[in-house]
Amino acid sequence: MSAEGLGRLWAGWRLTYLEASSEDPESGETGVCIFCRILASEEPPEQTYVVWRDDSCAVLLNAFPYTSGHLMVMPVRHVADLADCSPGEAARVWEVVGDAVMAVRAAYSPEGFNVGANLGKAAGAGVPGHLHVHCVPRWSGDTNFMTTLAETRVLPEALPSTFDRVRAAWPHR
């Protein structure tokens, strides 16, 4: 297929997020990881959307979700690739991915999930310097004409409501 035959999917809504991810709003310093900034914040979880965390792993709501309940699981330590994780960190991330799926399943009853990581900019990582695994609930027919025609996603609830639902459903083991 020629390049002229390919369609274009524009996601202009992500530019603000990507630009903000590289600059610290207080110091103006560039190159600051947005996930590290969120995890170091002293703001309450309701404002940073940190659903759960321990010393090695954290779970954040995606600020620009594909569907309601879209979570990101990541090591607390700033690492870019699975190969950069210690065996303990890697195991913990995948254990917490299981908890994330369990919580979203309890909160939303999706029909399926997309779980995965975009490793590197060429693979589509919006924040390539900090490994994160997406947990995206899916339903049959969850794409619609708004996404297809208007390049707009319709989400049925606001992020604070999603935060409350997922946090309430988080497994307390």
Does [X] reach the main-chain N or O of [Y] with its side chain, forming a donor-acceptor pair under 3.5 Å?
{"X": "Asp81", "Y": "Asp84", "answer": "no"}
{"X": "His70", "Y": "Cys135", "answer": "no"}
{"X": "Arg138", "Y": "Phe113", "answer": "no"}
{"X": "Arg53", "Y": "Leu39", "answer": "yes"}

Quick one: closest heavy-atom pair of [X] and [Y], and the distance?
{"X": "His78", "Y": "Cys36", "answer": "ND1-SG, 3.3 Å"}
{"X": "His130", "Y": "Pro75", "answer": "NE2-O, 2.8 Å"}
{"X": "Ala169", "Y": "Ala103", "answer": "CB-O, 3.4 Å"}

Distance check, rounded to the nearest 0.5 Å: [X] atom [atom1] versus [Y] atom [atom2]?
{"X": "Leu131", "Y": "Phe35", "atom1": "CG", "atom2": "CZ", "value": "10.0 Å"}
{"X": "Glu46", "Y": "Arg167", "atom1": "CD", "atom2": "CZ", "value": "6.0 Å"}
{"X": "Ser56", "Y": "Met74", "atom1": "OG", "atom2": "CE", "value": "13.0 Å"}

Checklist entry - Quick one: are the ring centres of His134 and His132 less than 6.0 Å apart? => result yes
Sole candidate of [options] that passes side-chain contact (heavy atoms from CB on, under 4.5 Å) when paired with [X]:
{"X": "Tyr49", "options": "Thr162, Asn62, Leu159, Val59", "value": "Leu159"}
{"X": "Thr48", "options": "Arg37, Glu42, Glu43", "value": "Glu43"}
{"X": "Val133", "options": "Asn118, Val96, Val115", "value": "Val115"}

Item to check | Residue pair Val76, Asp55: steps toward the side-chain contact (heavy atoms from CB on, under 4.5 Å) verdict | outcome: CA-CA 7 Å; Val76 169; Asp55 291 338; over 6 Å; no
Next on the checklist: Under 4.0 Å between a side-chain nitrogen and a carboxylate oxygen: does that hold for Arg92 and Glu89?
Outcome noted: no
Taking the side chain as every heavy atom from C-beta outward, state whether [X] and [Y] have any pair of such atoms under 4.5 Å apart.
{"X": "Val73", "Y": "Cys57", "value": "yes"}
{"X": "Pro137", "Y": "Val104", "value": "yes"}
{"X": "Leu71", "Y": "Leu60", "value": "no"}

Next on the checklist: Angle between ring planes, Tyr108 versus Trp139, binned at 30° and 60°: parallel, tilted or perpendicular?
Outcome noted: perpendicular
Next on the checklist: When you compare the side chains of Ser140 and Glu111, does any donor N or O come within less than 3.5 Å of an acceptor on the partner?
Outcome noted: yes
